[in-house]
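Shown next, in structure tokens, is the structure this report addresses.
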Amino acid sequence: MKKEDATLEKLLLTVPKKERERIKSINWTKQRLLDGIQETKDNMKYDLQFGIPWILMYGVSHFTFGLTPLTITILVLGFGYFLFVMARRGSYGMNRRKKKIFEYLLSLRDDDESKQA
């Protein structure tokens with residue numbers, strides 16, 4: 001096994017089995033890798049755009065009003081959003097790990113192209 005393959009295997013162990021198998025099964029072209037990197041960046045950006053305001057609203061509501069129906073509603077909406085998003089796009093952490101895998105695969109691909117030239 002090559003050094004690159006060992007590094008790739010270590011990176012792949014950080015994602016769930018379903019994602020690992022999907023990543024291994026796809027023939028990754030340069031454009032697909034770039035699209036995958038952009039998609040994971042977008043998913044992470046969406047999580048931050050919702051998560052930061054949500055935690056601020058919940059914190060302000062909880063410390064200002066206590067445990068009121070408003071605070072509970074904000075909490076339930078946030079949990080609902082994140083459960084839905086984790087089922088559809090994955091968590092922020094998983095997307096960050098997928099991005100590292102895609103960037104590594106892209107660097108391997110670029111190295112192979114430079115060796116052939």
Side-chain angles (χ1 to χ4, degrees):
M1 184 180 281
K2 294 183 202 173
K3 182 179 183 244
E4 293 86 21
D5 294 339
T7 304
L8 180 59
E9 288 301 320
K10 284 181 187 177
L11 288 171
L12 285 171
L13 288 176
T14 63
V15 295
K17 185 177 180 182
K18 179 181 172 185
E19 283 297 317
R20 197 175 324 147
E21 291 171 355
R22 186 183 74 81
I23 290 170
K24 285 181 177 180
S25 69
I26 294 176
N27 182 17
W28 292 100
T29 62
K30 186 173 184 172
Q31 187 58 44
R32 268 186 158 167
L33 288 169
L34 292 172
D35 291 344
I37 291 169
Q38 188 59 46
E39 181 183 347
T40 56
K41 282 181 181 179
D42 291 343
N43 290 341
M44 290 165 48
K45 182 178 77 173
Y46 298 145
D47 284 349
L48 288 176
Q49 287 176 342
F50 182 85
I52 292 173
W54 171 72
I55 199 73
L56 289 175
M57 286 189 314
Y58 174 73
V60 167
S61 179
H62 184 71
F63 291 116
T64 304
F65 306 115
L67 201 57
T68 63
L70 173 66
T71 306
I72 294 170
T73 302
I74 293 171
L75 181 66
V76 169
L77 286 174
F79 279 142
Y81 171 80
F82 283 111
L83 287 174
F84 174 75
V85 167
M86 285 197 312
R88 296 285 307 250
R89 298 188 310 236
S91 67
Y92 182 89
M94 188 182 75
N95 280 306
R96 188 179 61 217
R97 290 186 298 269
K98 282 173 41 177
K99 183 177 149 247
K100 284 181 185 178
I101 292 169
F102 294 150
E103 288 171 342
Y104 182 74
L105 288 171
L106 185 62
S107 71
L108 285 179
R109 197 164 175 74
D110 289 342
D111 289 345
D112 288 343
E113 288 175 3
S114 65
K115 287 178 184 177
Q116 289 177 358

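What's counted below: heavy atoms across the whole structure, side chains too, no hydrogens, waters or symmetry copies.
- F79 is connected to I55 through a chain of hydrophobic side-chain contacts under 4.5 Å among Ile, Leu, Val, Met, Phe, Trp and Tyr, so both are in one cluster.
- Side-chain atoms of T40 and R96, non-hydrogen and from C-beta on, never get closer than 4.5 Å to each other.
- The minimum heavy-atom distance between I74 and M57, with the atom names listed, is CD1-O, 4.1 Å.
- Applying the side-chain hydrogen bond (donor to acceptor under 3.5 Å, both in side chains) rule to Q49 yields no partners; only residues at least two apart in sequence or on another chain are considered.
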Kindly determine whether F102 and I23 satisfy side chain to side chain contact (heavy atoms under 4.5 Å, CB included), including the steps that lead there. CA-CA 9 Å; F102 294 150; I23 290 170; 4.2 Å; yes
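- With respect to the salt-bridge test (charged N to carboxylate O, under 4.0 angstrom), the residues R22 and E19 qualify.
- Here CD of E103 is found 10.5 Å from CG of L33. Values are rounded to the nearest 0.5 Å.
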E21 and K17: CA distance, side-chain angles, deciding distance, side chain to side chain contact (heavy atoms under 4.5 Å, CB included) verdict: CA-CA 6 Å; E21 291 171 355; K17 185 177 180 182; 3.0 Å; yes
Where do R32 and E39 land on the salt bridge (charged side-chain N to carboxylate O under 4.0 Å, His left out) test, with the steps shown first? CA-CA 10 Å; R32 268 186 158 167; E39 181 183 347; over 6 Å; no
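- A chain of hydrophobic side-chain contacts below 4.5 Å, direct or via other Ile, Leu, Val, Met, Phe, Trp or Tyr residues, connects M44 to I52.
- The side-chain hydrogen bond (donor to acceptor under 3.5 Å, both in side chains) analysis of residues 52-63, with sequence neighbours excluded, yields the pairs S61-T71.
- One hydrophobic cluster holds both I26 and V15 under the rule that ILVMFWY side chains link at heavy-atom gaps under 4.5 Å.
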From CA spacing to verdict: side chain to side chain contact (heavy atoms under 4.5 Å, CB included), L12, E9: CA-CA 5 Å; L12 285 171; E9 288 301 320; 4.2 Å; yes
For residues 83-93, dump all side-chain donor-acceptor pairs below 3.5 Å to protein atoms at least two apart in sequence or in another chain.
| unit_1 | atom_1 | unit_2 | atom_2 | d |
| --- | --- | --- | --- | --- |
| R89 | NE | N43 | OD1 | 3.4 |
| R89 | NH2 | Y81 | OH | 3.4 |
| S91 | OG | M94 | N | 3.2 |

Run the side chain to side chain contact (heavy atoms under 4.5 Å, CB included) test on N95 and K99 for me, step by step, so that the C-alpha distance in whole Å, both residues' side-chain angles and the decisive distance to 0.1 Å come before the verdict. CA-CA 6 Å; N95 280 306; K99 183 177 149 247; over 6 Å; no
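- R109 places no side-chain N or O within 3.5 Å of a backbone atom of T29 that could act as its donor or acceptor partner.
- Distance check: W28 CH2 to I101 CD1 gives 9.5 Å after rounding to the nearest 0.5 Å.
- The distance from the CG atom of L8 to the CG atom of L13 is 9.5 Å, given to the nearest 0.5 Å.
- Distance check, rounded to the nearest 0.5 Å: CG of D42 to CG of D47 gives 11.0 Å.
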